[in-house]
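So the structure is just underneath, and the comments pick up after that.
Only heavy atoms go into these numbers, but all of them, side chains included; no hydrogens, no water, no symmetry mates. Convention: sequence-line order gives letters A, B, ...; per-chain numbering from 1.
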Amino acid sequence: MRYQEENELEQLRRENIRLRKAVEELAFLNELATTISSTQSVDKIVEIIVHKCVKNFAVEQGAVMLLDETDAASPFHTMVRRSDNTQKGLPYRLDTQLTGWMLKHRKSLRINDFQNDRRFRRTGEAGWPIHSLLSVPMVQKGRMIGVLTLFNKINREGFSEEEQRLLSIIASQSAQVIENVRLHQREQDLRLLQEEIRLAREIQLKLLPSDLPSIPGYQIAGRNLPANDVGGDYYDFIPISDHCYGFCLGDVSGKGMPAAMLMANLQATLRGQILTEADPNVCIQRANRLIYLNTDSSKFVTLFYGILNTRTHRIQYCNAGHDNPFLFHSNGSTKRLDVGGPVMGFIPELKYEQAHFTLNPCDLLLIYSDGISEAFNEQEEEFGEARLEELVIQNRYMSAAELMELVFDTVSQHSKGLPQMDDMTLFIIKREEARKRATVRTDRRLRAGEQPNFSISRH
Amino acid sequence: MKIKEKIQNNVAILTISGNMMGGPDTQTLHDKVKSLIADGIHNVVIDLRKVKWLNSSGLGVLMSCWGSLKNAGGNLKLANVAEKVHSILMITKLVQFFDTFDSVDRALASFYAKEHASRS
């Protein structure tokens with residue numbers, strides 16, 4: 001009877017110890033979870049984990065080694081290591097050997113007789129003597145993100161199975177928190193980048209003409225549609241004098257942010273040249289030299305630059321390797337404007353040529369970037385210059401603005417369902433019929449409440 | 001994009017397959033040319049038979065190669081240029097800088113002819 005009582009008492013005592021241990025473990029886990037979950041930095045979290053584990057498990061040193069995801073070429077060799085304050089270094093190459101073992105086996109490792117362990121035999125020769133270690137993988141959603149290791153139990157008894165289990169729980173819990181913080185950091189970085197791109201887009205929009213001036217007798221329309229937030233196409237329309245206007249359309253090699261930066265450089269360079277009132281070929285020659293100096297050998301710019309004289313209706317131009325613009329004559333014939341020279345930024349000292357022509361009533365000049373002519377459809381067919389030419393010929397009665405809408409709509413219809421691959425820019429100058437000018441004037445008088453004078457409109 | 005290299009009488013023949021659409025892939029072509037220059041090979045034929053299409057970045061790399069070889073006192077010749085690639089060279093008016101040939105043999109012959117002329 002007495003024996004039975006003693007036995008029960010012993011069982012109760014053991015149960016009590018087990019429960020107390022469980023409560024202690026839970027309390028520790030809870031404390032650790034609460035502390036790290038309120039921390040927003042991976043470094044800090046690692047520090048807390050190591051510090052608390054060293055204390056709770058009563059060991060000489062603890063370390064967290066995280067896989068460095070930024071080093072894609074050799075992610076397993078670059079580990080971030082944190083240990084407690086004891087300045088003792090690990091034996092040579094043990095870090096690498098441990099993580100290598102972990103990556104291979106992905107399970108916890110408990111060694112209480114380290115010096116005689118065959119797996120890490122060669123590591124104990126130099127450095128700090130290790131007698132026991134407990135190492136667990138930090139796994140998050142099946143992916144190993146690091147290793148948590150404790151070295152040398154102070155009481156020399158070695159690590160118990162319970163401790164192995166507890167450390168495994170801590171590792172998986174910590175992996176989750178570390179991944180969350182990393183995700184949060186990545187999201188913040190991304191948001192910052194997006195904000196920068198948005199600002200760059202705003203800056204670039206300001207480099208393009210916001211609204212084109214209205215010039216009596218002329219219709220002018222232009223639009224730039226970048227494939228990404230920012231692009232490498234550029235067009236401009238700049239008054240030089242009361243009857244002369246510089247206009248251009250250019251395409252910088254490459255895409256996205258690098259192209260946008262070069263586009264800004266082109267805009268500044270060219271605007272400076274245009275205002276000198278020099279001939280188009282002279283402006284391009286000077287700008288070519290400047291762009292050559294500002295870029296490496298693989299970057300270049302194609303550019304069409306012209307000067308419109310609204311008194312003589314003459315256009316002087318120089319084409320630096322840009323897709324040849326179309327000149328649609330009112331008689332139905334088409335001319336391509338190809339006089340000039342090679343792309344800019346390739347060779348510093350180059351002579352460019354120029355040509356001129358008269359824009360007769362109803363004549364239409366259309367400059368475009370290759371994003372329009374080379375827009376693909378699902379069958380990988382280009383929109384093509386021929387289609388562009390035909391579209392304008394068929395609809396040449398339209399105003400410059402209507403025609404521009406039509407071209408963009410038709411190209412987008414052609415590439416339906418596909419993402420825009422390249423920046424698209426279009427610039428149109430159309431000279432109005434003499435009669436249409438008078439009609440506009442009549443309309444204005446009507447709006448002002450005056451009697452229309454039809455005799456004016458017919459002359 | 002893949003690059004195959006062959007050296008014949010001190011002229012390198014680089015055969016490219018795949019489209020030249022920029023990116024680090026295309027940059028390796030310029031690196032290749034630079035390493036040839038470092039090894040004393042200053043004349044290069046780029047065989048574009050298997051290149052149907054190149055964009056502005058691809059063209060930019062050809063320009064870099066041309067510039068590096070010219071600076072080293074050599075030259076770059078293009079062989080088997082597809083119609084589309086040729087039209088890009090025409091529009092950009094770069095055709096005056098890039099000698100194009102219908103075959104690798106003809107491109108090679110133009111190097112040897114020049115060498116022969118300079119010797120005699």
What's the separation between atom [atom1] in [X] and atom [atom2] in [Y], rounded to the nearest 0.5 Å?
X: His322(A); Y: Ile91(B); atom1: NE2; atom2: CD1; result: 9.5 Å
X: Asp370(A); Y: Thr92(B); atom1: CG; atom2: OG1; result: 11.0 Å
X: Phe97(B); Y: Phe346(A); atom1: CZ; atom2: CZ; result: 6.0 Å

Which heavy atom of Ser297(A) sits nearest to which heavy atom of Ser64(B), and what is that distance?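 For Ser297(A) and Ser64(B), the tightest heavy-atom pair comes out as OG-OG, 3.0 Å.
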
For the student: nearest non-hydrogen atoms of Val61(B) and Ser298(A), plus distance: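 The pair with the smallest heavy-atom distance is N-CB, 4.3 Å.
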
Heavy-atom count check: over 12 atoms from other residues, nucleotides or ligands less than 6.0 Å from [X] [atom1]?
X: His414(A); atom1: NE2; result: yes
X: Phe237(A); atom1: CZ; result: yes
X: Lys84(B); atom1: NZ; result: yes
X: Met261(A); atom1: CE; result: no
X: Glu353(A); atom1: CD; result: no

Give me the ring orientation class for Phe376(A) and Trp53(B): parallel if the planes are under 30° apart, tilted from 30 to 60°, perpendicular past 60°.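 Phe376(A) and Trp53(B): perpendicular rings.
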
Would you mind telling me which of Asp422(A), Ile347(A), Val252(A) has the largest number of heavy-atom pairs within less than 4.5 Å of chain B?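 That would be Ile347(A).
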
By a 4.5 Å heavy-atom criterion (distance strictly below it), what part of Lys70(B) contacts chain A: side chain, backbone, both, or neither?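 No part of Lys70(B) comes within 4.5 Å of chain A.
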
Name the region of Gln96(B), side chain, backbone, both or neither, that has any atom closer than 4.5 Å to a heavy atom of chain A.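 Looking at Gln96(B), just its side chain touches chain A.
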
Using non-hydrogen atoms only, which part of Leu350(A) is less than 4.5 Å away from chain B: side chain, backbone, both, or neither?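 For Leu350(A), the side chain is the part near chain B, not the backbone.
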
Do Glu374(A) and Asn55(B) come close enough that some side-chain heavy atom pair is under 4.5 Å?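 In short, these two side chains do not touch, never coming nearer than 4.5 Å.
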
Do the side chains of Phe300(A) and Leu94(B) get nearer than 4.5 Å, heavy atoms only?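 Side-chain contact under 4.5 Å: no.
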
Does any N or O in the side chain of Lys93(B) come within less than 3.5 Å of the main-chain N or O of Asp338(A), such that one atom is a donor and the other an acceptor?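 Pair found, side chain donor or acceptor close to backbone of Asp338(A).
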
Test item: side-chain donor near acceptor, Ser56(B) and Ser253(A), under 3.5 Å: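 No, Ser253(A) and Ser56(B) have no side-chain donor paired with an acceptor closer than 3.5 Å.
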
